[in-house]
A.B. asks: 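This is the structure I have questions about; it appears just below.
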Amino acid sequence: PSQNPAVRYTIGTVAHGAVPPLFAPLSVSGQATLAARSVDFSTEVTGADASVRVMAKGKHGLDASQGHASLRLVPLEYRPGGPHPGTLLPSLADLKDVSGHVEAQSPLTWAAKGVDGTARFRVSDLSFQTGLAQVLGLSLGPALDKFLPPSSPPGQSLRIARIDPGVPIDDLALTFQMLPGKAPTLLLDQGTFRLAGGVFRLSQVTLDPARDRQELPFQVQDLDLSEVFALLGVEGLSGTGRLDGPLPVQILAGRPKFVGGRLAADAAGHLQIRSDRVRQALGAAGESAELLLRALEDFRYQELSLTIDQPTKETAILGLSMLGHNPAVLDGYPFRININLETN
């Protein structure tokens, strides 16, 4: 008889019993070789359509009840009409137009005290469409220096070419570290993206999923006033100029809102308000209101600041403060004007 008998094994289906399940049913097959004090094994875990394959190879010591294994996800190539991540993870079944490359590997160790190890993932040029947004060119290369609970060294990176939930956000880049805990905490070292012609920046922010409220103190640079007004959708409001300043965002119970934003123009510019609704609202306010409306039809400002607050999910309050003139009104006499606007 053989000194090192080999045993082949097959498990037809491994399923997660929760509703909904964390992963789709898997099959397992492999071979184990019994030595004097250890078992060498190689195992393959396969998804239902064979697009997902995880290879594992390792050794288990019988005396000390400890061992090690190397796990490797065979690289996945997603493309429209081809393999889909929902095959493995039902929570992703609704993604559309998925394309990109995914791979992972993880050396594991175990003993009586539990399981430990590291992991490395690589996601390259992943794109997909959800019911809320289109995501293009997502690249992620995190490395975990501890598996349970998960943690990472500093300097992990995430890049996304574009997220478009109706308003395109471009060139998103994050540098972060995952800190261990019951719910892993992200220490965001640096984050930037482009929106409305400007650059939004975050630095040294901790995102803790265990907290109901998260604070994101964005700093904005070179925001295009014309694009801001177009996004806000206030009837008859247009202008030119570039804005800088703080724009804090608070996330409460998963809902973001602006709190105490204050942006200021870095140079002179031009603003126009030509709204029939505004004219009707101020029509009975007398001669001074008429003069104000005329000035705002072609207002050349030397100073402009914009405050932004969001008291409710549906409503944002904008405060415009300006110093300038209209050349055609009172021979260009200067006006200091403060206006509050309410928008969705």
Side-chain angles (χ1 to χ4, degrees), residues 1-79 81-93 95 98-124 126 128 140-153 156 178 180 184:
S2 170
Q3 295 298 315
N4 298 306
V7 176
R8 294 185 178 275
Y9 51 88
T10 299
I11 302 175
T13 301
V14 177
H16 189 221
V19 180
L22 179 62
F23 57 86
L26 303 169
S27 61
V28 180
S29 62
Q31 176 176 299
T33 302
L34 180 63
R37 292 184 172 85
S38 65
V39 177
D40 295 327
F41 62 88
S42 60
T43 301
E44 180 175 343
V45 181
T46 308
D49 66 352
S51 64
V52 177
R53 295 172 60 215
V54 177
M55 316 298 291
K57 188 173 183 178
K59 179 189 290 287
H60 178 74
L62 298 176
D63 292 342
S65 294
Q66 63 184 21
H68 61 85
S70 176
L71 279 65
R72 182 176 69 91
L73 173 67
V74 175
L76 291 166
E77 293 288 346
Y78 293 121
R79 62 187 183 278
H84 191 282
T87 301
L88 177 63
L89 303 174
S91 60
L92 303 181
L95 296 184
V98 182
S99 63
H101 177 94
V102 179
E103 59 183 89
Q105 57 185 11
S106 174
L108 295 179
T109 61
W110 59 87
K113 62 181 181 180
V115 179
D116 202 357
T118 64
R120 181 176 293 276
F121 305 87
R122 186 163 72 90
V123 179
S124 304
L126 185 67
F128 52 89
L140 174 66
L144 300 181
D145 55 10
K146 190 172 179 59
F147 199 72
L148 293 172
S151 65
S152 79
Q156 307 305 303
M178 185 183 297

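Starting from 1, each residue takes its place in the sequence as its number.
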A.B. asks: Give me the atom names and distance for the closest heavy-atom approach of Ala143 to Ser152.
C.D. replies: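 In terms of heavy atoms, the two residues are closest at O-CB, 3.1 Å.
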
A.B. asks: Might you work through the side chain to side chain contact (heavy atoms under 4.5 Å, CB included) test for Leu73 and Glu103, ending with a clear yes or no?
C.D. replies: CA-CA 6 Å; Leu73 173 67; Glu103 59 183 89; 5.5 Å; no

A.B. asks: For Leu108 and Leu71, what are the C-alpha separation, side-chain angles and deciding distance, and is it a side chain to side chain contact (heavy atoms under 4.5 Å, CB included)?
C.D. replies: CA-CA 8 Å; Leu108 295 179; Leu71 279 65; 3.9 Å; yes

A.B. asks: Closest approach of Val98 and Pro85, non-hydrogen atoms and distance?
C.D. replies: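 That would be CG1-CD, 3.8 Å.
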
A.B. asks: Is the shortest heavy-atom distance from the side chain of Leu34 to the side chain of Leu62 under 4.5 Å?
C.D. replies: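 Leu34 vs Leu62: side chains touch.
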
A.B. asks: Show your reasoning for whether side chain to side chain contact (heavy atoms under 4.5 Å, CB included) applies to Val74 and Met55.
C.D. replies: CA-CA 7 Å; Val74 175; Met55 316 298 291; 3.9 Å; yes

A.B. asks: Rounded to the nearest 0.5 Å, how far does NZ of Lys113 lie from OG of Ser65?
C.D. replies: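 That separation rounds to 14.0 Å.
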
A.B. asks: Are any of the side-chain heavy atoms of Pro83 and Glu77 separated by less than 4.5 Å?
C.D. replies: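 Not touching, per the 4.5 Å side-chain cut-off.
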
A.B. asks: Taking atom types as modelled, is there a side-chain donor on Arg120 or Thr118 under 3.5 Å from an acceptor on the other?
C.D. replies: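 No - no donor-acceptor pair under 3.5 Å links their side chains.
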
A.B. asks: As an exercise, state the distance from OG of Ser29 to CZ of Arg8, rounded to the nearest 0.5 Å.
C.D. replies: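 Interatomic distance, Ser29 OG to Arg8 CZ, rounded to 0.5 Å: 9.0 Å.
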
A.B. asks: Does the pair Lys57 and Arg72 meet the rule for a side chain to side chain contact (heavy atoms under 4.5 Å, CB included), with working shown?
C.D. replies: CA-CA 9 Å; Lys57 188 173 183 178; Arg72 182 176 69 91; over 6 Å; no

A.B. asks: Identify all side-chain donor-acceptor contacts of residues 10-24 below 3.5 Å with residues at least two apart in sequence or on another chain.
C.D. replies:
{"residue": "His16", "atom": "ND1", "partner": "Leu22", "partner atom": "N", "Å": "2.8"}

A.B. asks: With salt bridge (Lys or Arg N to Asp or Glu O under 4.0 Å) as the rule and sequence neighbours excluded, what pairs involving residues 16-43 come up?
C.D. replies: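 Qualifying pairs: Arg37-Asp63, Asp40-Lys59.
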
A.B. asks: May I ask you to test the Leu144-Phe121 pair for a side-chain heavy-atom distance under 4.5 Å?
C.D. replies: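 They are in side-chain contact.
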
A.B. asks: How long is the gap from NZ on Lys146 to CE on Met178, to the nearest 0.5 Å?
C.D. replies: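 The distance works out to 14.0 Å.
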
A.B. asks: Specify whether Trp110 and His60 have parallel, tilted or perpendicular ring planes, treating 30° as the upper limit for parallel and 60° as the lower limit for perpendicular.
C.D. replies: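 Geometry flag for His60 against Trp110: parallel rings.
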
A.B. asks: Which atom pair, heavy atoms only, marks the closest approach of Ser51 to Thr87?
C.D. replies: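 Shortest heavy-atom contact: OG-CG2, 4.2 Å.
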
A.B. asks: Any side-chain to backbone donor/acceptor pair from His84 onto Leu95? Under 3.5 Å, distance only.
C.D. replies: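 Side chain of His84 to backbone of Leu95: a pair is present.
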
